[in-house]
Amino acid sequence: MRLKRISEYVWEIPKTEKEGMNVPALIFGTEKIVNNLEEGVFEQITNVACLPGIVRAALCMPDGHVGYGFPIGGVAAFRTDGGVISPGGIGFDINCGMRLVRTDLTVEEVQPRVKELVDRLFHRIPAGVGAKGLLRLTPSEFEEVMVKGVDWCIEKGYGWEEDRERIESYGRIPGADPSKVSKRAIERGLAQMGTLGSGNHYLEVQIVKGESIFDPEVARVFGIREDQVVLMIHCGSRGFGHQIGTDYLKVFDSAMPKYGIKVRDRELACAPFTSPEGQDYYKAMVCAANAAFVNRQVILHRVREVLSDVFHRDPRDLGLEVVYDVAHNIAKVERHVVDGEEMEVLVHRKGATRSFGPGHPEIPEIYREVGQPVIIGGSMETGSYLLVGTEKAMKESFGSTAHGSGRTMSRHAAKRQIRGSELRQRMEERGIYVRAVTMSGLAEEAGFAYKNIDDVVEAVDRIGISRKVVKLKPIGNIKG
DNA sequence: ATGTAC
């Protein structure tokens, strides 16, 4: 497919390249990254550009790879009036996301006890396919989870008041309607709050090395300093969100003819945002998004319990504060400037992170002057980054940036390259203590199966859609 | 990602 370089780090596939494109597709990345993207990504992002009501351009972030319908790393904004909502543009794992937690503990204090700490966390935070949590909710409690999100946790003592403002959308997106969620989805979700899941989901113990602080001023605002231990939580809405996605794909698949919508790929099933089907899915998606915030909040609660036990100190005294929590699989109603005019759009971010710049009213006051914290998670071997949102992201990418490394190798291929037990040993020799539910699952997540996180982060930093603040190095990891 | 196929 023909790629036109329109600036140093932006590549365009013009509208004329494929019949039916309503807008061009734009790929963000360095030459190296764009040259290495799978052909399927270009196919998928230009299919997205054909969807009804899409504005300006279909975007692909530097960590783009082939996904269900939309590429992972895809960002697309649709008119709220006249545009569509598509589960394939959000992902099955609704509000899969990242939460970063700071501590007042130093590397010297934690390093000698990292095995004990990781083992205790492993026992307290259930992980793996089908894992059930320590919390067993009644259907009416779960209804509150869907509607109130993290506010429910704070009411119940699973969170602190001050956690709320350090979560995207304050951990509670308005518009949830549990009556739009199937009984089956609720049955799957009831016992899953406070569980990690599997695949690339993890809980990681990380350290801040002095030479990895790129912006000391912003790092200080985010509560980050040299020699500090932090924890990163990566998980989503588990079987609950997955079931909602599955349910509504079926609904949309049969509703499309009614609305005269034809898509190039059945995986792009969608419905007008204002249609009954579109609104029902949106309301159910919000339920899953709020449940995912709750899931990460309950995991944080367990983290606070375990660290308090291990270090015999109160969690507040340990400085166990949320830095921020970002969604990377979600659609949100936001206002953006399109062709010089501010308008309301439904921004789909699928494997992409919100990256609002300084002064945005949706950023909490504590961070408003510098911009929104952006968390980009690498593979469990290579480290992760904390960045900050920019004004340029508001102009170029609907306030969005990348979310992670992006796979370069299939799970199957990764398992052929290395045995889980060998990887575990190799990681331990390099100072990363890992506990995994299955050794095959561990092998699938080997660092070599992913793009180099430094390349992805360097790209978003140079493009200017988020700025590097600090790189975080893993010393302990829990995998589902 | 996912009670990894209803």
Side-chain angles (χ1 to χ4, degrees), chain A residues 44 63-74 86-99 125-133 136-137 142 181-203 233-251 253 267 269 281 284-285 287-289 291-293 295-296 299 326-331 348-353 377 379-380 403-415 420 436-445 449-450 478-480:
Chain A
Q44 290 194 322
D63 51 342
H65 53 290
V66 170
Y68 184 91
F70 283 55
I72 295 155
S86 174
I90 292 159
F92 279 94
D93 189 5
I94 296 164
N95 191 3
C96 184
M98 290 277 183
R99 176 176 295 210
I125 299 161
V129 177
K132 291 192 169 155
R136 300 298 165 90
L137 304 182
F142 196 58
V181 175
S182 70
K183 212 174 153 202
R184 197 170 179 192
I186 292 168
E187 279 165 8
R188 288 180 71 171
L190 282 176
Q192 292 189 320
M193 293 301 100
T195 66
L196 207 50
S198 68
N200 64 359
H201 288 165
Y202 59 72
L203 167 62
I233 301 163
H234 177 212
C235 64
S237 52
R238 311 279 287 101
F240 179 57
H242 192 275
Q243 188 62 48
I244 289 171
T246 305
D247 290 341
Y248 279 94
L249 271 168
K250 220 172 290 170
V251 171
D253 200 47
E267 295 183 355
Y281 170 62
M285 183 210 71
C287 289
F293 285 133
N295 191 23
R296 293 194 283 275
I299 290 175
V326 291
H328 60 218
N329 277 7
I330 201 159
H348 289 59
R349 296 191 183 94
K350 193 225 194 137
T353 311
S379 78
M380 60 188 179
H403 85 301
S405 297
R407 293 193 82 90
T408 55
M409 193 184 282
S410 72
R411 297 184 173 280
H412 188 72
K415 278 187 285 197
V437 174
T438 67
M439 279 301 135
S440 65
L442 183 69
E444 291 176 0
E445 296 301 319
Y450 283 86
I478 290 163
K479 280 222 40 63

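In what follows, chains are A, B, ... by sequence order, proteins preceding strands, each numbered from 1.
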Nearest-angstrom distance from the residue atom [atom1] of [X] to [atom2] of [N]:
X: A:Phe92; N: B:dA5; atom1: CZ; atom2: P; result: 12 Å
X: A:Phe240; N: B:dT2; atom1: CZ; atom2: P; result: 14 Å
X: A:Tyr68; N: B:dT4; atom1: OH; atom2: C1'; result: 15 Å
X: A:Glu187; N: B:dC6; atom1: CD; atom2: C1'; result: 15 Å
X: A:Asn95; N: B:dT2; atom1: CG; atom2: P; result: 13 Å
X: A:Gln243; N: B:dT4; atom1: CD; atom2: C1'; result: 14 Å
X: A:Asp247; N: B:dC6; atom1: CG; atom2: P; result: 12 Å
X: A:Ile94; N: B:dT2; atom1: CD1; atom2: C1'; result: 12 Å

message: Tell me every residue that passes salt bridge (charged side-chain N to carboxylate O under 4.0 Å, His left out) with A:Arg411, counting only those two or more places apart in sequence or in another chain.
response: A:Glu444, A:Glu445

field: Those residues that, when tested against A:Arg349, pass salt bridge (charged side-chain N to carboxylate O under 4.0 Å, His left out) (two or more places apart)
entry: A:Glu334

Separation between OH of A:Tyr202 and OG of A:Ser379, rounded to the nearest 0.5 Å: 8.0 Å

Counting the atoms with a prime plus P, OP1 and OP2 as sugar-phosphate, which does [X] contact under 4.0 Å by heavy atoms, base, sugar-phosphate, or nothing?
X: A:Gly91; result: nothing
X: A:Arg407; result: nothing
X: A:Glu444; result: nothing

- prompt: Taking only N and O in the side chain of A:Thr246, is any of them less than 4.0 Å away from OP1 or OP2 of B:dT2?
  reply: no

message: Ring centroids only, cut at 6.0 angstrom: are A:His234 and A:His403 within range, meaning strictly under it?
response: no

query: Closest nucleotide of DNA chain B for A:Gly199 versus for A:Val129: which of these residues is on the 5' side?
result: A:Gly199

